[in-house]
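Side chains are part of it too, since the values below use all heavy atoms of this structure and drop only hydrogens, waters and symmetry mates.
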Amino acid sequence: MNEEIKSEVTYTIEDFERHYVYMKNRSIFVKYVIFLPLLIFIPVFLFFYFLDPNKFSAAFSQPKNYTIFPLAFLIVGSWWFFTRNKMSFFQKRTLTKQLNTTPSLSVPQTITFDHVGMYGENEFVSGLLKWNAMVEATETEDNFCFFNSPKFAQFVPKRFFSDEQIARIKDLAKRHLGEKAKF
């Protein structure tokens, strides 16, 4: 079956920002950084407890000494929450500069899905990502992500495809990738 699904796609800074946040949130460190205080404080406290249990008990017998725990979780939790869902000002500025100075990223390109893989081209560049080179394919609310390594993915905004084309892309990916297509 040689079906072909084609659309013209123009990437925006918001597309790249959403993809960056998605990729960052896939990292184990970002997912579980909220537990960092536990990983630090428990071994430190165990060390001091075994070093001199009497001093340790005396130091933490006062309720005021327990405020370090909620404070540490509040600081790490706030940092985790605010960095998890958006880019920093400097990251966004750098990405905007790169997008504005790279013509191949800012002009429309034709994205084609077929029995070979995903093909993209515009007046400056062209590239093919074959199905057998993909290690995973995922879907977010806004994008399809086609991974050619565990930490790098080509992404395509879904807004440029009709509902019927989206269903056909998913079906095509599932046929070629099997379990690696996680839609």
**Request:** Please report the closest heavy-atom contact between K97 and T101, naming both atoms and the distance.
**Result:**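 It is O-OG1, 2.8 Å.
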
**Item:** Nearest heavy-atom neighbours spanning T10 and F160
**Value:** O-CZ, 3.2 Å

Please enumerate all residues that pass side chain to side chain contact (heavy atoms under 4.5 Å, CB included) together with [X], with sequence neighbours excluded.
X	result
A153	H19, M23, C145, F147
I5	E3, F113, F161, Q165, R168, I169, L172
F124	P103, S104, V107, N122

**Message:** By the side-chain hydrogen bond (donor to acceptor under 3.5 Å, both in side chains) test, which pairs, at least two apart or in different chains, include something from residues 150-159?
**Reply:** D15-R159, E139-K158

**Salt bridge K92-E14, side-chain N to carboxylate O under 4.0 Å** = no

Is [X] reaching over with its side chain to a backbone N or O of [Y], donor-acceptor style, under 3.5 angstrom?
X	Y	result
T110	E8	no
N100	T96	yes
D163	I166	no

**Item:** Shared-cluster residues of F89, by chain and number - hydrophobic side chains joined below 4.5 Å
**Value:**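 Grouped by the 4.5 Å side-chain rule, F90 form the rest of the cluster around F89.
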
**Request:** Tell me who clusters with Y119, hydrophobic residues only, linked when side chains sit under 4.5 Å apart either directly or through other members.
**Result:**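 Via sub-4.5 Å side-chain contacts, Y119 links to V116, L128.
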
**Request:** Flag the pair F144 / F183 as yes when their ring centroid distance falls below 6.0 Å, and as no otherwise.
**Result:**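 That pair passes the under 6.0 Å test.
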
Check: [Y] and [X] side chains under 4.5 Å, non-hydrogen atoms:
X	Y	result
Y11	P157	yes
L95	I13	yes
W131	L177	yes

**Item:** CD-CD distance between E17 and Q91, expressed to the nearest 0.5 angstrom
**Value:**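 Between atom CD of E17 and atom CD of Q91 there are 9.5 Å.
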
**Message:** As an exercise, state the distance from CG of L129 to CZ of F146, rounded to the nearest 0.5 Å.
**Reply:**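 Atom-to-atom, L129:CG and F146:CZ are 8.5 Å apart.
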
**Request:** Determine, using the 4.5 Å side-chain heavy-atom cutoff (strictly less than), whether M134 and Y22 are members of one ILVMFWY cluster.
**Result:** no

**Asked** Stepwise, does the side chain to side chain contact (heavy atoms under 4.5 Å, CB included) test hold for M118 with T112?
**Response** CA-CA 6 Å; M118 181 180 85; T112 306; over 6 Å; no

**Prompt:** Does atom CD of E121 have more than 12 heavy-atom neighbours, drawn from other residues, nucleotides or ligands, at distances under 6.0 Å?
**Reply:** yes

